[in-house]
Amino acid sequence: MPFPRPLLSPQPAMVLYAPKAYVFLSRRRATMSAQHDAANPSSQAALQTPGNYPVPLSPPLPAISKHIELARAMSASSKSGLFSLSRNDVVYEDEWLIVVNKPQGVYCESVLESVPQLLCDSAESAFEFNLSVAETRTKQPELHLANRLDRDTSGLMIITKSHKVAAKLVKAFTDHKVSKTYIARCVGSAPKWERITLKSGHGRSKFGAWRVYAASDVGRTLPGGSMVRDMETAFEILSINGQGSYREPSEFKKDEANVVVVEEKAVIDGDAKKDEILVRARPRSGRTHQIRLHCQYLGISIRGDVKYEGVYEWKGTTYDGHELHAESLSLEHPVTGLPVMFRAPVPSWASQALQH
């Protein structure tokens, strides 16, 4: 469908960062809290002791991942000042927001920093088409990231042009009012299921790595002071070894009869035949590395995802990043209130998985 003609500014846009908030508990408040827990044995703190922290159900990070992840991070950082968006990367734009297709191996901050130049270039193009100065001169936008993607995850990012719109969209994501689908190319034993939903806990282990925890551990305290939170992801198979077909994200339906509530470590046969599997994932929650962790738990780690046991080399090819793509976003427009669905082009590795 034709996109609305953007309102453009010949002036550079402002890129604003919201600093992370840290909360410090005073010594007096900490003492009062400890006294309260001692007087109330039913409290979570009283029940939790250093000896009975929740045990993660997914394995620790592979030793190989440290070196490879560092090299990938340094490569992405070295390119950060050189990265620039093009008009081909823009999926949608109006006067309140711009939706772009982020490439793999680029930090979200690099994408955000390149938007002002993209808007300026568009403004210059507008003058070439003899648009009036008044038509192209608008208030300098205040750019914010409404959602974030991992460095090596490609796909849809929404960037807002004002504080007010940013606040609305961030709340929509936080309240799970945005429906998201991803596609991933995985390697592992071909699943016996066509659709499955995984429910588990999610949290940082003793050494700071994100891990899968039992669903019954949700709410329990972890060594660093954080808590196990719930995460849920629905999956469907699109193809196995090239046999299958691409279905529209709108056709995705959760299988209510095949829901797995995680309480034990997964049993994975490491010697079993390895297949290439293309899956679509719809996360209900939005936890860090959620899809990557759940793919690992299912025994179909994402190709190139060395942090979560994905293959680094496969059939003679070495991978520079994991193959996970933010495919679609469905939400209510933060200003017009109308339902909108944004779609990113399918990456080449996904197309190849359907053409074998």
Just how far is it from atom [atom1] of [X] to atom [atom2] of [Y], taken to the nearest 0.5 Å?
X: Leu85; Y: Glu113; atom1: CG; atom2: CD; value: 11.0 Å
X: Ile291; Y: Arg282; atom1: CD1; atom2: CZ; value: 11.0 Å
X: Lys180; Y: Leu331; atom1: NZ; atom2: CG; value: 11.0 Å
X: Ile302; Y: Cys186; atom1: CD1; atom2: SG; value: 5.0 Å
X: Ser86; Y: Leu118; atom1: OG; atom2: CG; value: 7.5 Å
X: Glu69; Y: Lys307; atom1: CD; atom2: NZ; value: 5.0 Å

Between [X] (side chain) and [Y] (backbone), is there a donor-acceptor pair under 3.5 Å?
X: Ser77; Y: Ala73; result: yes
X: Ser78; Y: Ser75; result: yes
X: Asp152; Y: Gln104; result: no
X: Asp175; Y: Ala172; result: no
X: Arg280; Y: Arg247; result: yes
X: His202; Y: Arg287; result: no
X: Lys102; Y: Thr153; result: yes
X: Asp230; Y: Gly219; result: no

Quick check: closest heavy atoms across [X] and [Y], and the distance to 0.1 Å?
X: Pro141; Y: Leu119; result: CG-CD1, 3.9 Å
X: Cys108; Y: Leu145; result: CB-CD1, 3.9 Å
X: Pro249; Y: Met341; result: CB-CE, 3.7 Å
X: Leu156; Y: Ser328; result: CD1-CA, 3.6 Å
X: Ser189; Y: Ile277; result: O-CD1, 4.1 Å
X: Ala184; Y: Leu324; result: CB-CD1, 3.8 Å

Exercise for the section: Show the numbers, then the answer: is there a side chain to side chain contact (heavy atoms under 4.5 Å, CB included) between Val279 and Ile183? Expected result: CA-CA 6 Å; Val279 300; Ile183 48 178; over 6 Å; no
Atom [atom1] of [X] with >12 non-hydrogen neighbours under 6.0 angstrom:
X: Arg229; atom1: CZ; value: no
X: Glu264; atom1: CD; value: no
X: Asn258; atom1: CG; value: yes

Hey, quick one: are [X] and [Y] part of the same hydrophobic cluster, counting side-chain heavy atoms closer than 4.5 Å, chains of contacts allowed?
X: Leu298; Y: Leu57; answer: yes
X: Val99; Y: Tyr107; answer: no
X: Ile158; Y: Tyr92; answer: yes
X: Val170; Y: Ile159; answer: no
X: Val340; Y: Phe173; answer: yes

Exercise for the section: List, by chain and then residue number, the residues other than Tyr319 in its hydrophobic cluster (Ile/Leu/Val/Met/Phe/Trp/Tyr, side-chain heavy atoms under 4.5 Å); write none if there are no others. Expected result: Val187, Val311, Trp314
Completion exercise
Besides Trp96, the hydrophobic cluster formed by Ile, Leu, Val, Met, Phe, Trp and Tyr side chains linked at under 4.5 Å, directly or via other members, contains Val165, Val335
Exercise for the section: List for me each residue that meets side-chain contact (heavy atoms from CB on, under 4.5 Å) alongside Ala266, sequence neighbours excluded, and say none if there are none. Expected result: Ile268, Tyr297
Problem - Non-neighbouring partners of Thr318 that pass side-chain contact (heavy atoms from CB on, under 4.5 Å), sequence neighbours left out - result: Tyr312, Glu313
[X] vs [Y] side-chain heavy atoms within contact, under 4.5 Å:
X: His163; Y: His144; answer: yes
X: Phe207; Y: Pro60; answer: no
X: Ser330; Y: Phe342; answer: no
X: Phe235; Y: Cys295; answer: yes
X: Glu142; Y: Thr160; answer: no
X: Met231; Y: Leu293; answer: yes

Handout entry: side chain to side chain contact (heavy atoms under 4.5 Å, CB included) assessment of Arg72 paired with Arg151
Key = CA-CA 9 Å; Arg72 289 174 177 177; Arg151 178 195 64 228; 3.5 Å; yes
Exercise for the section: Just do the side chain to side chain contact (heavy atoms under 4.5 Å, CB included) check on Glu248 and Arg343 with the steps written out, would you? Expected result: CA-CA 10 Å; Glu248 294 296 316; Arg343 293 273 304 277; 2.6 Å; yes
Practice task
Take Lys161 and Glu93 through the test salt bridge (Lys or Arg N to Asp or Glu O under 4.0 Å) and record every step on the way to the result.
Solution key: CA-CA 10 Å; Lys161 299 180 180 180; Glu93 184 180 4; 2.7 Å; yes
Would you mind writing out the side-chain donor-acceptor pairs for residues 209-217 within the sub-3.5 Å range, not counting sequence neighbours?
| from | atom 1 | to | atom 2 | distance (Å) |
| --- | --- | --- | --- | --- |
| Arg211 | NE | Ser58 | O | 2.8 |
| Arg211 | NE | Pro59 | O | 3.3 |
| Arg211 | NH1 | Ser205 | OG | 3.4 |
| Arg211 | NH2 | Ser58 | O | 2.8 |
| Ser216 | OG | Glu263 | OE1 | 2.6 |
| Asp217 | OD1 | Arg220 | NH1 | 2.9 |

Is there a donor in the side chain of [X] and an acceptor in the side chain of [Y], or the other way round, less than 3.5 Å apart?
X: Tyr308; Y: His289; result: yes
X: Gln290; Y: Ser285; result: yes
X: Thr181; Y: Glu327; result: yes
X: Asp150; Y: His322; result: no

Taking distance alone, no hydrogens or angles, what donor-acceptor pairs closer than 3.5 Å link side-chain atoms of residues 193-201 to residues at least two apart or in another chain?
| from | atom 1 | to | atom 2 | distance (Å) |
| --- | --- | --- | --- | --- |
| Arg195 | NE | Lys253 | O | 3.2 |
| Ser200 | OG | His294 | NE2 | 2.9 |

Handout entry: Residue pair Asn241, Asp275: steps toward the side-chain hydrogen bond (donor to acceptor under 3.5 Å, both in side chains) verdict
Key = CA-CA 6 Å; Asn241 296 327; Asp275 301 286; 2.8 Å; yes
Exercise for the section: Begin with the C-alpha distance, continue with both residues' side-chain angles, and end with the deciding distance and a verdict on salt bridge (Lys or Arg N to Asp or Glu O under 4.0 Å) for Arg185 and Glu276. Expected result: CA-CA 7 Å; Arg185 195 169 187 180; Glu276 292 187 21; 2.6 Å; yes
Problem - Derivation and outcome, side chain to side chain contact (heavy atoms under 4.5 Å, CB included), residues His325 and Trp349 - result: CA-CA 10 Å; His325 181 67; Trp349 52 258; 3.7 Å; yes
